[in-house]
There are 2 protein chains.
Amino acid sequence: MISSVPTSPGTGRKRPTIRDVAREAGVSYATVSRVLNGREWVSPESLKAVQDAIARTGYRANPHARSLATGRSGSVAFLLTEPQHLLFEDPNFSVLLRGVAQALSDRELTLILMIAATEKERARALDYLGGRHVDGVLLVSPHSGDPLLARLVRAEVPIVACGRVLGHEQAISSVAADDRGGARAAVEHLLSVGCRRIAAITGPQDTSGGVDRLGGYLDVLAANGIEAVPERIAHGDWSRESGAAAMRLLLDRAPDIDAVFVASDAMAAATLPVLRAAGRRVPEDIRVVGFDDTGVAATTDPPLSTVRQPYDRISEEMVRLLTDVIGGRTPLAVTVPTTVVLRQSSPG
Amino acid sequence: MISSVPTSPGTGRKRPTIRDVAREAGVSYATVSRVLNGREWVSPESLKAVQDAIARTGYRANPHARSLATGRSGSVAFLLTEPQHLLFEDPNFSVLLRGVAQALSDRELTLILMIAATEKERARALDYLGGRHVDGVLLVSPHSGDPLLARLVRAEVPIVACGRVLGHEQAISSVAADDRGGARAAVEHLLSVGCRRIAAITGPQDTSGGVDRLGGYLDVLAANGIEAVPERIAHGDWSRESGAAAMRLLLDRAPDIDAVFVASDAMAAATLPVLRAAGRRVPEDIRVVGFDDTGVAATTDPPLSTVRQPYDRISEEMVRLLTDVIGGRTPLAVTVPTTVVLRQSSPG
DNA sequence: CTGAAAGCGCTTACAG
DNA sequence: CTGAAAGCGCTTACAG
């Protein structure tokens, strides 16, 4: 059966509309709409009549009609632009996803997950987001050079990023942990327990997290009159494999290091087997401090000292900011504090 | 500025509509619609004129208007009803998510991720899905007793599940690996290499995967005249922690076992540290075989022998089936074959 | 092959 | 406090 009238599938019965409810309640359908939207100017009697009629008919608003009339979709995209494997191996993303899903649900907003890893997916994402299927976009781990970002900004899509978007700070609201401060605290801790030859494994240098966490490390060295040795700095891309590779490189180039500050827990966790294989004991021979405290940190062997990001605050703020931007407010950058958590890989 | 007219946010400029394109092209807007939908009955000249006009105006169809007119949303929900922690610790879900996202994207369908873990989220999910925001639902790891399922079926929402939904086989289409056959092959392998006291760690018994993988294990014992010993069977819930607990229980109740068949890789991976702590060498003292081959299997120490599910086929079939059901076709159950993959935890 | 028209189901000023 | 009416931007028979 082909029909242009949307029906309950299977039954062929039409769903009740606002008119059916109005008839049932003995009021105009404008009044039903007012009740539906909780507006003022409805008498108690009408209110009751409408509510009863809704219950009796099993009425449910048609979301598409509503969106057409209001211009709002009631949904928000969670856009993931990292290569797909990171979604699975870096707990950062799933923790954020969970928090955002929660915060969105509290506001009756729907989460649309978009993975834009391949070229084709990226083109489709731009089309979709630019076509106003969603009211706004939550951007995870943005890289500054990404052409998709510039296009989204040009299309004037409301965006809030997790981490500042280098080069788009004015146009894109962001929520970030205090990456620089957290990194400083971590390295100061290492200094305070006697480490003097501290290495660093960074995140990608086209992300604010990658840049700022390295910045914090350099700050502390400078403040303490310690020279920053290039051989003691290795770059990763957040992936576990890159963390392991960076650790191998450091052991090779700077075998005398007595500590390593790693820009993410996922990468830090990957350094542990490398160190064990090299015969270095953690923390006796070399201390390791990570960043994130996503949950893996507590389960590695030994458990990781790390810098905790308040993920619940981050996701909550991202959603709040996005509703602001959708409402027409100007972009803003929010920074939330971090705390150092000490475990076996570098006890206090 | 408050306005009921949707505008490009920021600029206040209205987006071009189908009428603007029609005027620009010098045709009626019905013709523009035909071009948009690739229908027949459009002359080459009109086609060209419309295409040019679309390019010139930067026109993009309003998805809400289209949905209102067609009764289709163009989106599909990926519904996750497991407690949230499983999303992160069982790679099964993320692998499926990735595959489904791909298959959906190929058909120009959008994936809406819904996590229905808390009571509140479940109520909202029912509301949302029953309200026809989406054209259909992809159900991951359904438990037979779940009241949400019954309600979804009553609301006649098109559904395809991953794994048969016990008790709703007639109403809900499903795609499942050959769980029973895969389990049989795994246990036969253990038998063939000389194991005689084979234990099993199952999945939840209100899921088809949980039931069928245990069934395959029992089949093989029966076929070989081996008595099924209750002490050698422990139940898990797919979580890592449950796998570790089940292994401890088995070592306690049946210390003489020489192999264990585990219903998922996540649980199997968790048995490894338990066995090591108990001083049992794998595979010398005890062999371990998992199920899934999600990727973790290859990275454990030692790497896991396991039963591989063809995830790409599963996600592809789920999406195909769902479009069938949305199109009005009757429910179907699809089973895809599995293969045994041998690694260090139980070499051939 | 094409256009005029009805219809999808809502929201929201506007006039009472 | 309430109703009639216009409008949101499409799709789709229907009549040419």
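Sequence lines set the chain letters: A, B, ... in the order given, protein chains first and strands last, and positions in each chain run from 1.
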Please identify each residue that fulfils side chain to side chain donor-acceptor pair (under 3.5 Å) with [X], with sequence neighbours left out.
X        : value
A:Tyr29  : A:Arg19
A:Ser73  : A:Ser75, A:Asp135
A:Ser141 : A:Glu82

Sugar-phosphate only, base, or nothing, as touched by B:Arg60 at under 4.0 Å among non-hydrogen atoms: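 Sugar-phosphate contact only.
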What is the distance from [atom1] of [X] to [atom2] of [N], rounded to the nearest Å?
X        : N      : atom1 : atom2 : result
B:Arg19  : D:dG7  : CZ    : C1'   : 10 Å
A:His133 : D:dG9  : NE2   : C1'   : 13 Å
A:Ile18  : C:dC8  : CD1   : P     : 14 Å
B:Ile54  : D:dG9  : CD1   : P     : 16 Å
B:Asn62  : C:dC8  : CG    : P     : 18 Å
B:Leu68  : C:dC8  : CG    : C1'   : 4 Å
B:Arg23  : D:dG9  : CZ    : C1'   : 14 Å
B:His64  : D:dT11 : NE2   : P     : 14 Å

ring-ring contact (aromatic ring centres under 6.0 Å, His included) involving B:His133 - partner list, sequence neighbours excluded: B:Tyr128
Minimum-distance nucleotide to B:Arg66 side chain [options: C:dC10, D:dC10, D:dT12]: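 Ranking C:dC10, D:dC10, D:dT12 by closest atom to the B:Arg66 side chain puts D:dC10 first.
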Among D:dC8, C:dT12, D:dT12, the one nearest A:Thr70 by side-chain distance: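 Closest nucleotide among those given: C:dT12.
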Inter- and intrachain pairs under salt bridge (charged side-chain N to carboxylate O under 4.0 Å, His left out), touching residues 57-81 of chain A, at least two apart: A:Arg60-B:Asp127
Whether over 12 other heavy atoms sit under 6.0 Å from B:Arg329 CZ: no
N or O in side chain of A:Ser33 less than 4.0 angstrom from C:dC10 OP1/OP2: no
Separation of the C1' atoms in D:dT12 and D:dG16, to the nearest angstrom: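 Their C1' atoms lie roughly 16 Å apart.
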Contact list (N/O, under 3.5 angstrom) for nucleotides 3-5 of chain C vs protein:
| from | atom 1 | to | atom 2 | distance (Å) |
| --- | --- | --- | --- | --- |
| C:dG3 | OP2 | B:Ser28 | N | 2.9 |
| C:dG3 | OP2 | B:Ser28 | OG | 3.0 |
| C:dG3 | OP2 | B:Thr31 | OG1 | 2.9 |
| C:dG3 | N7 | B:Arg34 | NH2 | 3.2 |
| C:dG3 | O6 | B:Arg34 | NH2 | 2.4 |

Range-with-range stems of DNA chain C (Watson-Crick or G-U pairs under 3.5 Å, three or more in a row): C:1-3 with D:14-16, C:5-12 with D:5-12, C:14-16 with D:1-3
Gap between atom CG of B:Leu97 and atom CG of B:Leu80 - 0.5 Å precision: 8.5 Å
Residues forming a side chain to side chain contact (heavy atoms under 4.5 Å, CB included) with B:Gln102, sequence neighbours excluded: A:Glu121, B:Arg98, B:Asp106
Which residues share a salt bridge (charged side-chain N to carboxylate O under 4.0 Å, His left out) with B:Arg313, sequence neighbours left out: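 Salt bridge (charged side-chain N to carboxylate O under 4.0 Å, His left out) check on B:Arg313 returns nothing, list empty.
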